[in-house]
Amino acid sequence: MYYFSKKQKLLSKQSYKQVFDNAEIKISRKYFLILARRNKQENAKIGIIISKKNIKHAVNRNRCKRLVRESFRMNQDKIKGLDFIFLARKGLDCLKNKEFYSEIDSQWNTVISRINPHIFYK
RNA sequence: CAAGUUAAUCAGACAGUCGCUGCAAAUUUUUUGCAGAGGAAAGUCCGGGCUCCAAAGGGAAAAGCGCCAGGUAACGCCUGGGAAGCGAAAGCUUACGGAAAGUGCAACAGAAAAUAAACCGCCUAAUCAUAUUAGGUAAGGGUGAAAAGGUGUGGUAAGAGCACACCGCAUGACUGGCAACAGGGCAUGGCAUUGCAAACCCCGCUUGGAGCAAGGCCAAAUAGGAACUCAUUGAUGCGUCCCGUAUCGAGUUCGGGUAGGCUGCUUGAGGGAUUCGGUGACGAUUCUCCUAGAUGAAUGACUGUCAUAUUUGUACGCAGAUACACAGAACCCGGCUUAUGAUUAACUUGUAUU
């Protein structure tokens with residue numbers, strides 16, 4: 001089952017800091033930046049950061065968050081045991097939903113390909 | 001049909017799959033059921049509730065408001081009325097108290113900007129020879145945002161409320177109105193009081209401060225600490241100042257409150273309907289409904305059908321594609337302001353037809 005609860009979120013300042021300080025993978029694209037780091041748990045976790053500077057209206061910020069979360073939810077079994085931080089850049093809110101998904105879904109695969117030598121999953 | 005004015009309503013609908021937040025129930029950790037953004041949730045510009053600050057006291061200062069009456073928990077809001085202004089009209093707009101309490105300012109231009117004044121002009125007199133000096137004048141010219149009532153007749157050296165008629169203005173009574181105010185009616189006055197109070201100011205009314213990160217409870221760590229008794233007149237604090245007022249130093253006895261969690265938290269000046277009162281804002285009455293509570297912050301995604309708009313292809317039956325405004329609750333209400341897609345109704349003006 002694909003579900004998404006508080007277990008899959010980064011909740012505290014410390015856990016954010018850990019990912020920022022020792023990010024093993026960086027994926028930079030035009031509209032966003034993904035940081036990733038291995039954790040010692042089974043779940044994958046994600047934190048989403050969208051600043052007011054980059055996306056002005058609260059409606060669009062919420063929409064981006066929800067779409068990123070949805071994409072993460074559908075792909076989470078591929079990327080177990082990793083902590084992510086998703087940073088939005090300017091212009092992310094201009095994408096339509098379909099374009100949005102095609103942009104992000106492909107990134108999970110590149111994450112796997114980079115991390116694959118180090119990790120085994122059941 | 002076109003242009004405009006004023007109100008009101010809606011914010012695509014339904015079904016399925018996966019997911020999130022809260023509540024309830026079961027079973028015990030997973031299921032099932034129910035509920036889950038707005039008219040502006042926005043700007044944070046006003047006004048309250050609620051909470052704490054020391055008993056939230058007195059005075060000064062400061063700030064806000066300002067036609068009248070009503071509504072309201074309250075307001076800088078709303079309703080009705082008055083006045084002034086804008087518009088051809090429907091209608092709209094207004095910081096709309098006081099300038100004879102005092103002070104101040106009025107750029108440039110202009111002769112002069114407020115105890116009036118005299119550049120050109122007009123008139124009189126003198127000199128002198130067509131200009132100068134002295135006086136009178138406020139009709140004409142020019143300047144300005146603004147120039148000390150207007151028009152006409154009489155009058156005069158020329159003129160002037162100097163006099164008269166009409167209009168305007170001021171004051172007083174009277175009439176109407178709760179009042180602001182109104183009155184081509186009455187009396188008095190020859191006209192005084194130029195404008196600016198969004199200059200100081202005066203008058204009237206209002207205002208203590210800070211905010212749910214308020215505040216309360218449970219509580220790892222670490223240092224200060226709390227109660228009682230004794231001593232004392234300087235410091236600190238009460239978020240503008242003064243008055244006023246609270247705390248402190250020593251000894252004894254007790255304990256402490258940051259991370260984190262819980263609470264505050266959603267039943268309320270609540271919504272809907274009926275009847276009654278009121279021009280209306282609104283008030284009263286009875287019945288009925290319960291309708292988000294997140295906290296690295298839920299309310300989403302995908303698919304299908306129908307509906308709306310645009311557009312492409314049309315065999316005029318339809319088929320395909322695209323789009324669907326402004327915008328996201330954070331303690332809660334009442335307003336204001338700004339953003340914005342439609343639809344409907346009433347009214348005004350113009351045109352065409354009958």
Side-chain angles (χ1 to χ4, degrees):
Chain A
M1 271 294 143
Y2 305 119
Y3 52 88
F4 184 82
S5 65
K6 279 189 182 176
K7 287 180 187 171
Q8 271 97 346
K9 290 184 199 171
L10 295 178
L11 289 171
S12 65
K13 234 179 191 178
Q14 294 176 339
S15 52
Y16 269 86
K17 212 185 170 190
Q18 279 184 347
V19 179
F20 269 117
D21 290 350
N22 0 272
E24 295 176 35
I25 302 172
K26 281 187 188 176
I27 298 172
S28 184
R29 292 284 181 276
K30 195 183 175 188
Y31 296 119
F32 54 85
L33 172 74
I34 297 175
L35 302 176
R37 178 180 172 278
R38 280 178 288 170
N39 62 13
K40 290 167 189 171
Q41 297 163 325
E42 277 194 26
N43 295 328
K45 289 191 176 187
I46 191 163
I48 303 165
I49 300 177
I50 302 174
S51 70
K52 247 187 188 178
K53 224 180 183 182
N54 291 332
I55 297 173
K56 220 179 174 186
H57 292 290
V59 172
N60 292 330
R61 283 201 297 277
N62 281 344
R63 183 172 143 264
C64 291
K65 271 187 202 173
R66 283 162 187 161
L67 291 173
V68 171
R69 211 183 295 147
E70 189 70 10
S71 173
F72 175 80
R73 188 171 73 83
M74 299 310 284
N75 291 289
Q76 60 180 293
D77 57 343
K78 295 183 191 169
I79 45 175
K80 280 176 182 170
L82 289 167
D83 282 351
F84 289 94
I85 290 181
F86 180 94
L87 286 141
R89 288 181 172 162
K90 263 183 199 174
L92 186 68
D93 54 329
C94 299
L95 295 174
K96 288 166 190 169
N97 287 8
K98 281 185 182 174
E99 295 171 12
F100 202 105
Y101 281 129
S102 65
E103 274 284 321
I104 293 172
D105 287 351
S106 61
Q107 300 311 318
W108 305 123
N109 292 324
T110 60
V111 170
I112 295 161
S113 65
R114 288 207 203 173
I115 208 87
N116 211 20
H118 310 290
I119 262 198
F120 297 91
Y121 41 78
K122 301 146 198 177

Could you give the distance separating [M] and [N] at their [atom1] atoms, to the nearest angstrom?
{"N": "B:rA235", "M": "B:rG249", "atom1": "C1'", "answer": "13 Å"}
{"N": "B:rA170", "M": "B:rU79", "atom1": "P", "answer": "33 Å"}
{"N": "B:rG149", "M": "B:rG195", "atom1": "P", "answer": "14 Å"}
{"N": "B:rG300", "M": "B:rG36", "atom1": "C1'", "answer": "12 Å"}
{"N": "B:rA61", "M": "B:rU240", "atom1": "C1'", "answer": "8 Å"}
{"N": "B:rC10", "M": "B:rG38", "atom1": "C1'", "answer": "13 Å"}
{"N": "B:rA101", "M": "B:rC203", "atom1": "C1'", "answer": "11 Å"}
{"N": "B:rG59", "M": "B:rU245", "atom1": "C1'", "answer": "16 Å"}

Base of [N] relative to its sugar, syn (within 90° of 0) or anti?
{"N": "B:rA37", "answer": "syn"}
{"N": "B:rU32", "answer": "anti"}
{"N": "B:rG82", "answer": "anti"}
{"N": "B:rU291", "answer": "syn"}
{"N": "B:rG33", "answer": "anti"}

Any strand counts, and the cut-off is 3.5 Å on both contacts for Watson-Crick or G-U wobble. Which nucleotide pairs with [N]?
{"N": "B:rU351", "result": "none"}
{"N": "B:rG251", "result": "B:rC228"}
{"N": "B:rA89", "result": "none"}
{"N": "B:rC34", "result": "B:rG22"}
{"N": "B:rA259", "result": "none"}
{"N": "B:rU343", "result": "B:rA8"}
{"N": "B:rC241", "result": "B:rG59"}

Of B:rA37, B:rG296, B:rA327, the nucleotide closest to the side chain of A:Asn62 is B:rA37

Determine yes or no for a side-chain-to-main-chain donor-acceptor pair under 3.5 angstrom, with A:Asn60 supplying the side chain and A:Ile55 the backbone. no

Output one line per pair: protein atom, nucleotide atom from nucleotides 300-303 of chain B, and distance, for all N/O pairs under 3.5 Å.
| from | atom 1 | to | atom 2 | distance (Å) |
| --- | --- | --- | --- | --- |
| B:rA301 | O2' | A:Tyr101 | OH | 3.1 |
| B:rC302 | OP1 | A:Asn97 | ND2 | 3.3 |

Do A:Ile104 and A:Phe86 have side chains that get closer than 4.5 Å, going by heavy atoms?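 Yes. Closest side-chain heavy atoms under 4.5 Å.
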
Does a side-chain heavy-atom distance below 4.5 Å link A:Val68 with A:Ile46?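 Side-chain contact under 4.5 Å: yes.
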
